[in-house]
Amino acid sequence: MSAPQNITLIVDGEENQVTEGTTGADLYGTRREVVVVRVDGELKDLDQPIPAGAKVEAVTIDSADGLNVLRHSTAHVMAQAVQQLRKDSKLGIGPYITDGFYFDFDVDEPFTPEDLKQLEKMMLKIVNSNQRFVRRAVSETEALAEMAGEPYKEELIGLKGHSDEAGEGANIEVGAGELTIYDNVDAKSGEVVWKDLCRGPHLPNTKLISNAYALTRSAAAYWRGNEKNKQLQRIYGTAWPTKDDLKAYQERLAEAERRDHRRLGAELDLFSFPDELGSGLPVFHPKGGTVRKAMEDYSRQRHTEAGYEFVYTPHITKSNLYEVSGHLDWYRDGMFPPMHVDETRDPETGEVVKPGQDYYLKPMNCPMHNLIFRSRGRSYRELPLRLFEFGSVYRYEKSGVVHGLTRVRGMTQDDAHIYCTREQMKDELTTTLNFVLDLLKDYGLDDFFLELSTKDPEKSVGSDEVWDEATRTLAEVAEASGLELVPDPGGAAFYGPKISVQARDAIGRTWQMSTIQLDFNLPERFELEYQAADGSRQRPVMIHRALFGSVERFMGLLIEHYAGAFPAWLAPVQVVGIPVAETFNDYMLEIVAKLRAQGIRAEADLGSDRFPKKIRTASKDKVPFVLIAGGEDAEAGAVSFRFRDGSQDNGIPVDEAVSRIVQAVARRGN
RNA sequence: GCCUCCUUAGCUCAGUCGGUAGAGCGUUUCACUCGUAAUGAAAAGGUCGCCAGUUCGAUUCUGGCAGGGGGCUCCA
């Protein structure tokens, strides 16, 4: 054997001469926060030799990649603990996810919350025993031999090379290249205490996990994400570089919980879901109704200004309409079952003498709008024809997916269908996208990106040429907006591609908002026509668009975005007047009357509570303006403001106070 | 739809190892109350989600159904 050669590496941008066989650990051994290295763009374990000429960069535990490695390694530690606790458990997959990780297990009995607590303790033991993660390449035969008794791992080995078919997270286990097994080696004894088929990379040792992890919940999940497969038990967890990071994360979750629209909806008396009505069917209380009305009124105003016309259509229809539209073919399962009516039977024989009809609750408004278009001959001069409706639709959502206001069975779409010529299509789409973004901004959202959903070959109608043209047009319009554009292959509805606008809320979560869909197919199915300038009959193009998506869902989003503290123009109660003592009740009522005369939603709190209690009540109700009047104010013909942040503005002349409030509402500021 | 957990006063939750229940907030009443997040007292309010079964007796145990939470799958 010859002596090791010197090789050149580019370490963090600088050329370095090192001995052959140098590892990441050799380069960064003194920096504990370096957990893996990036070698020519790929993440590698610290103990792997680095090939000559490679570009090497340190990956620290608090970087995005470093966190993923930390979480993946924590998942392994958890799996090791699970196999100690449940000897019968078989390993599924265990990838990192946003903010954490999960691992799936086939176990005889589901995990209990007590199990999770015990597992956390067992994990700490493993972490403290400072096991090393050691990578080992194996052949397929070896892998199968070592994973005997782990049926799911064996299945994954068999799938290697087709990892895109293997299902969610599976490529983290087997990857694309060689098969590898990671041994967990006890620091003292050198014994292999646990192993798993995994492509890595991993932390050098378990000590780096420290105590900044938590197991958060357990739930069932289908093996390889397929409903037809067996359900495994999944445990979710989270892991962070330090305990403080973990606490900050838990605080973020707590903040999201405080903002939960279902909780705030009850606290602020906005809406409820009476059991008597059934799952996913909300009722809006007066305060929620006020918010909703403010949302809708402003939307109507803007639609009028943008050249939309208003239509109204019924909630149920005979089945034929949805046969023509194709909905019964594609979405029957998502529709409420039909009502069979008007059937007549012979009273004696019981035989049907007149067949009945099936009526369906409407799941979408578009077919009805098409009938309005078709109700008389149309001229090119009428186009673009923009039909708008707050249309209530009913969808038979599966029982497990109904969720607060965001996923309901009865909802109202701010739905419009635009009929235009092919030549107008692109301009109309551009105008529509700008209109959508502009309007969303007025409701306080300003951080957007776009998603372009393209054809699902399994679920579509119409020719390829038509789809291509529609998709190209949408892509051009989306790109012209300058917003980030994310592809969503196969995400389109059966009748055409769509752009959806995604918005980030005040705490950084993304919500799918508006959709703009291009449709050449329904005009075909409904044989829609207009007469062109040359006298010929032409088929219009149809654009489906909804801004809020559903009014209910949008309200849920706004509640969470504002944490229940609506901007003044949306707030159910905009002003509460609190007299300092009973003597000033009449003075306060006069001020409130002046505000009401200006269309402000103002109330006076004349109850028997003492003054500070009334302040507290208004505060808890998140009222934007609290007006206070006592002796000093009354003598000066003035009133004092108390704002939601606790700040004050005292002794404002009444007329000025009124106009301040009126202006703040008109400005739609937040 | 599947897995799992849950359902006690309007709300948030105690409690009964099987003998029909309690707190805080809220509500009502009375008294008090002149300056920025809780004045005091009293009262009302529950077939312990619904339906069966076991039992002398079920809010408590068992089963079914409904509603809800967390996931999975789905989301025109």
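Given the structure is predicted, the values throughout are model-derived calculations rather than measurements. Protein chains get the first letters and strands the later ones, always in sequence-line order, with residue 1 at the start of each.
- Between E251(A) and R258(A) there is a salt bridge, since at least one side-chain N of the basic residue sits less than 4.0 Å from a carboxylate O of the acidic one.
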Inset, instruction - Show your working on side-chain hydrogen bond (donor to acceptor under 3.5 Å, both in side chains) between S392(A) and T412(A) and close with a plain yes or no. - result: CA-CA 4 Å; S392(A) 296; T412(A) 303; 3.1 Å; yes
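- Atoms CD (E632(A)) and P (U36(B)) sit 11 Å apart, rounded to a whole Å.
- Aromatic rings from Y331(A) and F494(A) are positioned such that their centres are separated by under 6.0 Å.
- Side-chain atoms of R610(A) and base atoms of C32(B) include a donor and an acceptor less than 3.5 Å apart.
- Atom NZ of K228(A) is separated from atom P of C74(B) by 10 Å (rounded to the nearest Å).
- Judged by closest nucleotide on RNA chain B, Q233(A) is the one of D260(A) and Q233(A) placed further toward the 5' end.
- You'll find that the side chain of Y495(A) is closest to A76(B), out of A37(B), A76(B), C3(B).
- Nucleotide C75(B) holds its P atom 13 Å from the CD atom of Q517(A), rounded to whole Å.
- Nucleic acid contact for A220(A): base, since at least one base atom lies under 4.0 Å from a heavy atom of the residue.
- A salt bridge (Lys or Arg N to Asp or Glu O under 4.0 Å) with E155(A) is found for one member of R224(A), K230(A), K90(A) and no other, namely R224(A).
- Atom CD1 in I628(A) sits roughly 5 Å away from atom C1' in U36(B) (whole-Å rounding).
- For the OP1/OP2 pair of C72(B) and a distance below 4.0 Å, the side-chain nitrogens and oxygens of Y236(A) include at least one atom meeting the criterion.
- As judged by a 4.0 angstrom heavy-atom cut-off over every strand, P579(A) is placed among residues making no nucleic acid contact.
- Of the P atoms belonging to G45(B) and A31(B), the separation is 23 Å, rounded to the nearest Å.
- Atom CZ of R217(A) and atom P of G71(B) are 4 Å apart (whole Å).
- Here C72(B) presents its P atom at 16 Å from CH2 of W223(A), a figure rounded to the nearest Å.
- Shown here, G63(B) forms a base pair with C51(B); the pair counts as Watson-Crick or G-U wobble because both key distances fall under 3.5 Å.
- Here the P atom of nucleotide U39(B) and the CD atom of E582(A) are 16 Å apart, to the nearest Å.
- In the set G35(B), G1(B), G67(B), G67(B) carries the atom at the smallest distance from any side-chain atom of D275(A).
- The partner of G19(B), taking Watson-Crick or G-U wobble pairs whose two distances both stay under 3.5 Å, is C56(B).
- Across all strands shown, G45(B) forms no Watson-Crick or G-U wobble pair with both key distances under 3.5 Å.
- For G71(B), its base never sits under 3.5 Å from the side chain of S218(A) at any donor and acceptor pair.
- In this structure, the nucleotide among A76(B), C34(B), U36(B) sitting nearest to the side chain of I615(A) is U36(B).
- Within 4.0 Å (heavy atoms only), F273(A) reaches no atom of the nucleic acid at all.
- A donor-acceptor contact under 3.5 Å is formed by the side chain of K398(A) with the base of U73(B).
- Heavy atoms of S279(A) sit under 4.0 angstrom from primed sugar atoms or phosphate atoms, though from no base atom.
- Between C34(B) and T583(A), no contact under 4.0 Å exists linking OP1 or OP2 to a side-chain N or O.
- When heavy atoms are screened at a 4.0 angstrom cut-off, D333(A) is found touching no nucleic acid atom at all.
- F111(A) comes within 4.0 angstrom of nothing in the nucleic acid, heavy atoms only.
- Under the Watson-Crick and G-U wobble criteria, each requiring two contacts below 3.5 Å, nucleotide U39(B) is paired to A31(B).
- Ring geometry for Y396(A) against F336(A) counts as perpendicular: the plane angle is over 60°, on a 0 to 90° scale with 30° as the lower cut.
- Defined by atom type and a distance below 3.5 Å, a donor-acceptor pair is present between the side-chain atoms of D115(A) and T112(A).
- Relative to the ring axis of Y394(A), R409(A) does not place its NZ or CZ within 45° and under 6.0 Å from the centre.
- Among the protein residues, F494(A) comes within range of no part of the nucleic acid, since none of its heavy atoms lies under 4.0 Å from any strand.
- Taking the centre and axis of the six-membered ring of F641(A), the NZ or CZ atom of R660(A) falls inside the cone set by 45° and 6.0 Å.
- Of all nucleotides present, none satisfies the Watson-Crick or G-U wobble test against A9(B) with each distance under 3.5 Å.
- Taking atom C1' in both U62(B) and U54(B), one finds a spacing of 7 Å when rounded to whole Å.
- Regarding contacts with the backbone of G70(B), a side-chain N or O of H403(A) is found under 4.0 angstrom from either OP1 or OP2.
- Residue R642(A) places at least one side-chain N or O closer than 4.0 Å to OP1 or OP2 of A37(B).
- Among the atoms of the strands shown, base atoms are found under 4.0 Å from some heavy atom of R407(A).
- Contact annotation: K613(A) side-chain N/O to G40(B) OP1/OP2 distance is not under 4.0 Å.
- With rounding to whole Å, R409(A) atom CZ is found 10 Å from G1(B) atom C1'.
- Contact annotation for N226(A): no contact, since no heavy-atom pair falls under 4.0 Å across all strands.
- Heavy atoms of T617(A) sit nowhere under 4.0 angstrom from any nucleic acid atom.
- No N or O donor and acceptor, one from the side chain of N650(A) and one from the base of G35(B), sit under 3.5 Å apart.
- Judged by closest nucleotide on RNA chain B, L232(A) is the one of Q648(A) and L232(A) placed further toward the 5' end.
- Distances from the side chain of Y222(A) to the nucleotides A38(B), C72(B), G35(B) place C72(B) closest.
- If you check C34(B), A38(B), A76(B) against the side chain of K498(A), the one that comes closest is A76(B).
- The phosphate of G70(B) has OP1 or OP2 within less than 4.0 Å of a side-chain N or O from R262(A).
- In this structure, C74(B) forms no base pair with any nucleotide, since neither Watson-Crick nor G-U wobble geometry is met with both distances under 3.5 Å.
- Regarding contacts with the backbone of C3(B), every side-chain N or O of R234(A) stays at 4.0 angstrom or more from both OP1 and OP2.
- On a pure distance criterion of 3.5 Å, a polar donor-acceptor pair joins the side chain of Q231(A) and the base of C2(B).
- Residues Y322(A) and Y360(A) keep their aromatic ring centres 6.0 Å or farther apart.
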